There are 4 protein chains.
Amino acid sequence: MEKVKVGVCGYGAVGQRLADGAARQGDMELVGIVDVAPTLAVRALHESGMAYDLYLVDMSRKPEFDALGIPIAGSFDDLLEQVDVALDATPAGIGAKNKVMYEKHSVKAIFQAGEKNDIVDVFFHGYANYEKGIGQSFLKLTSCNTTGLIRAVDALDREVGVEKVVITIIRRVADPGDTHRGLVDVLMVDPVPNHQAEDLMLIMPHVHATGLLVHTPVTHGHIISLVATPKKSISKIAFLDICRAHPRIRVFRIADGFNSNTSLWKYARDRGNKRGDMYEIGVWEECVGMSGKDILFAINIPQEPVTTPESLDGVRAAMEMQTDRLEAVGQTNKYLGLVPGR
Amino acid sequence: MEKVKVGVCGYGAVGQRLADGAARQGDMELVGIVDVAPTLAVRALHESGMAYDLYLVDMSRKPEFDALGIPIAGSFDDLLEQVDVALDATPAGIGAKNKVMYEKHSVKAIFQAGEKNDIVDVFFHGYANYEKGIGQSFLKLTSCNTTGLIRAVDALDREVGVEKVVITIIRRVADPGDTHRGLVDVLMVDPVPNHQAEDLMLIMPHVHATGLLVHTPVTHGHIISLVATPKKSISKIAFLDICRAHPRIRVFRIADGFNSNTSLWKYARDRGNKRGDMYEIGVWEECVGMSGKDILFAINIPQEPVTTPESLDGVRAAMEMQTDRLEAVGQTNKYLGLVPGR
Amino acid sequence: MEKVKVGVCGYGAVGQRLADGAARQGDMELVGIVDVAPTLAVRALHESGMAYDLYLVDMSRKPEFDALGIPIAGSFDDLLEQVDVALDATPAGIGAKNKVMYEKHSVKAIFQAGEKNDIVDVFFHGYANYEKGIGQSFLKLTSCNTTGLIRAVDALDREVGVEKVVITIIRRVADPGDTHRGLVDVLMVDPVPNHQAEDLMLIMPHVHATGLLVHTPVTHGHIISLVATPKKSISKIAFLDICRAHPRIRVFRIADGFNSNTSLWKYARDRGNKRGDMYEIGVWEECVGMSGKDILFAINIPQEPVTTPESLDGVRAAMEMQTDRLEAVGQTNKYLGLVPGR
Amino acid sequence: MEKVKVGVCGYGAVGQRLADGAARQGDMELVGIVDVAPTLAVRALHESGMAYDLYLVDMSRKPEFDALGIPIAGSFDDLLEQVDVALDATPAGIGAKNKVMYEKHSVKAIFQAGEKNDIVDVFFHGYANYEKGIGQSFLKLTSCNTTGLIRAVDALDREVGVEKVVITIIRRVADPGDTHRGLVDVLMVDPVPNHQAEDLMLIMPHVHATGLLVHTPVTHGHIISLVATPKKSISKIAFLDICRAHPRIRVFRIADGFNSNTSLWKYARDRGNKRGDMYEIGVWEECVGMSGKDILFAINIPQEPVTTPESLDGVRAAMEMQTDRLEAVGQTNKYLGLVPGR
């Protein structure tokens, strides 16, 4: 089978990870990436050996790259001529503009959560509604929090059914290194319900969701506290078994030293994972509790890499590489090295 | 009626506030405070005019105070000779030692939450179980989080009954100015259930409670997210009415600018409240939501002053100043200027 | 002598403090304050008893205040009709617009550091160049860091002469409660020289200054490290004596517990100072060192209140209340309770 | 030539990096590492394929490792039997105890800065006093801040001579992921002079040094502001040329986006460097300034990896692998990929 040809548009925090993820998929070919300026991410790519071909949105800026010795493979049009599908990781709102380009070149596209829902055919999550994305031209991913949240709720829902869920998002306010946003010594609240609860209901309309979001001054991962009302009773142990069986959920123990969002990130860092990235959401064994029939648990969302697997699932759906949900996510998982039971 | 004579033992973050609170009670007389060293709090007391008489635990350290010109009114024994009741705000574990002194002088005592439950007659909360404290010799207050939490749950419980509650505590990790503890760029989790849920069940055994606690790197107030299952259905509006009617709960609106824990603290600071203290817990109008019959809401816990009113209620109970719960808390509220409906 | 009539324009973090400071000056009368909206600061003023008359920039917004029961004394024009001088604490750039109003009403004005130098007659510091402000119509204050910095450098300069100074500013990135700016887990650098060094040279042209500025994720005060080259040798002890003799500089000891910017702020808070404000810059006794003839020391800048005294000095200069520098600052100090040797 | 056999004792934040560094040296063989418990670092090593043989301090704990499937190559004695030199990265004070073991096995050792000076033969820095370490049995490295500081001062000193230096250390208070230490919203000061200035004078006794240290709530690198008095005048451009010519110093530009300690770390992370590590100290081009003849500049200290190169230099000196300073550091640099002019 011929490989699906992929381009990554926007090489920032998300785009870098989508490029790395796509490059690891044995049945995809990463043709190249496109960006607008010699950003630090582009310089880092160059200094580490230019693993991916770089295309340029505005060729009039090519002299800036020439001066730095950074090779340019061609224009945005040149890239789109060669690809089947674009992973669009441009800043919110730019994707809508790029859509015109994608249509011109008959290229499908997977947008990130910053884009508006009305520019796409389907609001997509690899595990929860893969079927809806099959053969569609324009898909939009859920946000980092919603992606991880749905992974967990969908896993529980497929086993015992979920009637409703109340979430409390303890949100990291900036990515590591950000200087354009931040908070100091503040817990900031957003109105109830948060958009993640509403987005969950768009993807999983049979589950009622609401929730609170509190911004906190940290950078290495969100933590979500969930109170789920299952349709059938489920024990803590059974719940943890569901989590362990999921290739994109990983169970950790505080007793082992995994006592924080940062401990998970540091562990991935010490494993040698590029950028200290972990694709899996984390669940703490000791942070599961029962309230009557309701189950309380906490998940860790590594905000930078978490949407990568589902974005690649989106490529599979749009390009009809697999028409079976589990087969599709299974291929993504295989190439990313995601295995259950760790 | 003769005023009840009160001593405050330990003049740290809590003790300073108990002293100020007791001094404002028209039917109590603050005889003095006792501490061990010329701490910054003691120096601040001195520089601002020595509003309270200072007694000394270890008279051999008196020369240190003499050198600074700080007058000493007498020894710990001298203080206990004069008082009916001690508000003990010493570090965790010291209260247990002080109890011997209190017994020797036939002085009743109100301990803070750091002490073990087995050294006291009753684990006390002014609103939730005032009656249990009446005439007792040794009372222990709930912690800052639990005090605020019970205020809210008790208020709801008395109106519509509460079957169970699941809480997520977003905990400030240090007080302003602390250099002996802290976290940087970390969300740290504790095992479920947290002690606050367990403590709530000790005070309100008819309510099931569990919860998660996440430590966050901030100093100006905890935020607790609660999912309460009421026995009778209740609307958002009715819930907010209950909160507004409570003299120790205050409702704020994000739309007005109260968007964070810090905004409440800053508001109290700008009002001219001493130390920027606010005795009330805060509830955000926009942070109430329904999940089926369950109600979701968030409260702000000003960790430094929040236990002061209930501590003073404890004096009233122990000394039998009032035997009616509402009459007792009403007196405390009156003297602290706490009025409903703000 | 008739009191000088003062209005405060803009009732934010700075304006609130200027109003409190002006109200304490026995030879000034605070006629009122003016603002644009029912901000939290205005609500706090109202809730604590409306100590100052409030005027409104845009009278069409009066109904918003009426709905909250906040009395309005009149329009901006009404205020300017009654005052001799305005303390302008509006956001950067607004002061330039207000200048038209001040000129129309023949009112003098003292602007804060956010305004451009070219709208004023003199760039002013009460201690360093009081004489230049005498009788002028429009003065501009130095910024918080520069105000404190010049206090220290001027004090040293008047005793032994200062040839040059190199400063390293460890800057708090936001005020307590700010949600519109902040940094998480970042030390951000600005190019050398920082504007504070350049501003110092505008006020003290005989001293060469340069420096580095590093933004840090804290809120309770900047710390500046200074390396000063004196013209005559000076010992550590003599330097500390100069500091102790200055009513707006206060010497603290780490050994006493003053180990941080926050400890100074907390001390002021525990003293009962409104908002925990301290007008004095702090110098740590243990943080003075010699490098050959050069002297190294560190100062703490309480960013919110620090410019208040020098702003009031500005009123004295503009209104020719005193023509002698020391007499002028002495009056400001007396009314603010600033005494040397603490 | 036979490779020098190296063991790493203690596999924490420093030990992991020393192991990686030693493994990259073509003329050294990393025999193994030794630790006491199945820490997260050990688990990460295991999960990523057990790149290094693991030895155990206390063989009675072997069952804990067996249960996790982590292979143990032998005891601490077994490791020391096989090696020529130990890189000791155990917690402060443990190295002194290990020294008995090293002596028993006639193994030389390189200790980190936490150990006392009196247990070693020489206090060592690869660039500044390599000759003193040649053939010695026990060397102690400078701390992270001092290591980076001396790199810069030594580089300047060898070109133009340095008479004295005043430093202001803006210190990160914890490593990423630490939960046992931290600060929130505090700048904490230490007495002048800091130990780094004193340590510099031990290594470079011909330079006078003093300085201030301020702890700040960040994790991704210290920043040091230096005011150096050169013996011969030097321009900014010449200074930057010296930095660019040094393989362990790298010059960055704010204008390119390198505006913070975190930007350097993030750049290394995006390059794919393991753990986001960068061995080089950073100098910002725009943060160099002149004060008379004195030069002001700022350096970034990546606290976790920065001592690795100098530790490996220590192995070279102790084992007399090279007797020429530049040849020795040149070998370390070659194997770590450190080249000037970047």
Side-chain angles (χ1 to χ4, degrees), chain A residues 11-13 15-17 19-20 37-49 51 64 68 174-180 182-186 217-221 250 252-254 256-277 304 337 342, chain D residues 11-13 15-17 20 37-49 51 64 68 174-180 182-186 217-221 250 252-254 256-277 304 337 339 342:
Chain A
Y11 193 67
Q16 289 180 81
R17 287 160 173 95
D20 292 348
T39 62
L40 297 194
V42 166
R43 287 163 193 256
L45 177 72
H46 178 231
E47 187 171 323
S48 55
E64 292 177 51
L68 293 162
D175 281 338
D178 280 352
T179 52
H180 64 290
L183 283 176
V184 180
D185 199 357
V186 175
V218 301
T219 71
H220 296 295
R250 187 162 172 174
F252 293 95
R253 297 203 314 152
I254 296 174
D256 290 336
F258 294 103
N259 63 354
S260 56
N261 62 341
T262 321
S263 63
L264 308 193
W265 172 79
K266 187 169 183 288
Y267 184 70
R269 189 189 186 205
D270 284 343
R271 278 188 58 195
N273 289 12
K274 193 169 176 185
R275 296 187 182 87
D277 280 355
E304 293 163 312
R342 268 215 288 237
Chain D
Y11 193 68
Q16 291 180 80
R17 287 164 171 90
D20 292 348
T39 61
L40 296 195
V42 167
R43 288 164 193 256
L45 177 73
H46 178 231
E47 187 171 322
S48 54
E64 292 177 52
L68 292 163
D175 281 339
D178 281 352
T179 52
H180 64 290
L183 283 176
V184 181
D185 199 358
V186 175
V218 301
T219 72
H220 297 295
R250 187 161 172 175
F252 294 95
R253 297 203 315 150
I254 296 174
D256 290 335
F258 294 103
N259 63 353
S260 56
N261 62 341
T262 321
S263 63
L264 307 194
W265 171 79
K266 186 169 184 289
Y267 184 70
R269 190 189 187 205
D270 284 343
R271 279 190 55 195
N273 288 12
K274 194 169 176 186
R275 295 185 181 89
D277 280 355
E304 294 162 312
V339 294
R342 267 215 288 237

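Lettering of chains follows the sequences in order, A, B, ..., and the numbering in each one begins at 1. Since the structure is predicted, the reported quantities are computational estimates derived from the model, not experimental observations. Keep in mind that the numbers below use all heavy atoms, side chains included, and drop hydrogens, waters and symmetry copies.
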Participant: Compare every heavy atom of D/H220 with every heavy atom of A/W265, then report the nearest pair and how far apart it is.
Facilitator: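 Closest approach of A/W265 to D/H220: CH2-CE1, 4.3 Å.
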Participant: Side chain, backbone, both or neither: which part of A/L40 has an atom under 4.5 Å from a heavy atom of chain D?
Facilitator: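 Looking at A/L40, backbone and side chain both touch chain D.
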Participant: With a 4.5 angstrom heavy-atom cut-off, is it the side chain or the backbone of D/N259 that approaches chain A, or both, or neither?
Facilitator: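 The side chain, not the backbone.
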Participant: Could you look at D/H46 and say if it's the side chain, the backbone, both or neither that has a heavy atom under 4.5 Å from chain A?
Facilitator: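 Contact with chain A: none, neither part.
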Participant: So, D/R250 and A/E47, do they make that salt bridge, N to O below 4.0 Å?
Facilitator: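 Salt bridge: yes.
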Participant: Tell me the closest heavy-atom pair linking D/K274 and A/D270, and the distance in Å.
Facilitator: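 Answer, listing the atom of D/K274 first, then A/D270: CE-O, 4.3 Å.
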Participant: Could you tell me which of D/G276, D/G272, D/P176 has the largest number of non-hydrogen atom pairs under 4.5 Å with chain A?
Facilitator: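 Max contact count across the listed options: D/P176.
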Participant: Measuring from atom NZ of D/K266 to atom CG of A/D178, what distance do you get when rounded to the nearest 0.5 angstrom?
Facilitator: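 So the NZ of D/K266 and the CG of A/D178 are separated by 7.5 Å.
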Participant: Under a 4.5 Å heavy-atom cut-off, does chain D meet the side chain of A/E64, its backbone, both or neither?
Facilitator: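 Looking at A/E64, nothing touches chain D.
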Participant: Taking A/R271 for its side chain and D/A44 for its backbone only, find out whether a donor-acceptor pair lies under 3.5 Å.
Facilitator: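 Answer holds: no.
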Participant: Taking every heavy-atom pair that is under 4.5 Å apart, which of D/D256, D/L45, D/V184 has the most such pairs with chain A?
Facilitator: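 The answer is D/D256.
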Participant: What's the verdict on side-chain contact (heavy atoms from CB on, under 4.5 Å) for A/R269 and D/D277, showing C-alpha distance, side-chain angles and the deciding distance?
Facilitator: CA-CA 10 Å; A/R269 189 189 186 205; D/D277 280 355; 3.9 Å; yes
Participant: I'd like to verify something: which residue of D/D185, D/D175, D/T262, D/D20 has the highest number of heavy-atom pairs under 4.5 Å with chain A?
Facilitator: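 So the answer, after comparing D/D185, D/D175, D/T262, D/D20, is D/D185.
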